[in-house]
Amino acid sequence: MPFELQPLPYAEDALEPYIDAQTMRIHHDFHHGGYVNNLNKALESYPDLQNRSIDDLIRNLHTLPEGVRTAVRNQGGGHFNHSIFWSIVAPNAGGEPTGAIATVINDVFGNFENFKTQFNDAGAKHFGSGFVWLVRTANNKFEIISQPNQDCPWSDGHYPILCNDVWEHAYYLTYQNRRPEYLKQWWNTVSWDAVNQRYATATR
Ligand SMILES: [Fe+2]
């Protein structure tokens with residue numbers, strides 16, 4: 001199988017009380033795991049694509065054969081987006097941004113509170129399933145955007161620095177219909193060290 005589900009880099013209950021252990025287990029093992037399995041199935045008759053990285057497939061989505069493009073967009077996007085999502089949260093994290101990303105947030109959005117408000121609004125107002133992102137756009141601006149389902153801004157050349165998953169599977173067991181509450185609490189899990197690493201790659 002060309003693509004594999006990597007284990008979570010922390011224990012299932014590591015993000016409690018903000019994200020409960022059962023949500024983490026189901027979200028990682030079955031939702032993310034399902035995207036990986038379905039991506040592998042979709043690529044069975046495309047051996048050339050099996051050797052390419054997920055980053056490459058998502059970035060070059062529009063060049064893929066039409067017969068597999070939608071599957072890579074949905075299942076590959078699910079794999080790519082969730083891999084980013086797990087990597088930018090951590091136990092004993094949260095708090096004020098640090099390092100270079102703190103400067104960007106202050107310069108572009110005024111301050112961290114404004115940035116969080118805009119990001120949370122984008123997530124709360126996003127209709128249905130999807131992700132909210134902080135990206136470095138293809139023309140080198142920093143913007144908050146939301147996209148449906150497993151679509152990824154990287155397919156449009158916008159480098160994903162930070163994202164939150166607003167699918168109900170990400171929060172329903174603890175927060176039920178209260179997506180804004182989930183969005184607010186989720187900041188307690190954001191690892192600014194990890195975000196700064198992505199920022200460094202985004203601006204390389
Ligand atoms: Fe998800």
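Counting starts at 1 for both ligands and their atoms, following the listed order.
- The aromatic rings of Trp192 and Phe112 sit perpendicular to each other, their planes meeting at more than 60°, with 30° as the lower class boundary.
- For the 3.5 Å distance criterion, the side chains of Trp186 and Asn120 fail to qualify, holding no donor opposite an acceptor.
- Screening residues 15-35 for salt bridge (charged side-chain N to carboxylate O under 4.0 Å, His left out) gives Glu12-Arg25 as the qualifying pairs, with residues at least two apart or on separate chains.
- Among residues two or more places apart in sequence or in another chain, the side chain to side chain contact (heavy atoms under 4.5 Å, CB included) test is passed with Ala200 by none.
- Protein N, O or S atom count below 2.8 Å of the Fe ion (ligand 1): the structure gives 4.
- A search for side chain to side chain contact (heavy atoms under 4.5 Å, CB included) contacts involving Gln6 returns Glu4, not counting sequence neighbours.
- Between His27 and Trp86, the ring centre distance stays below 6.0 Å.
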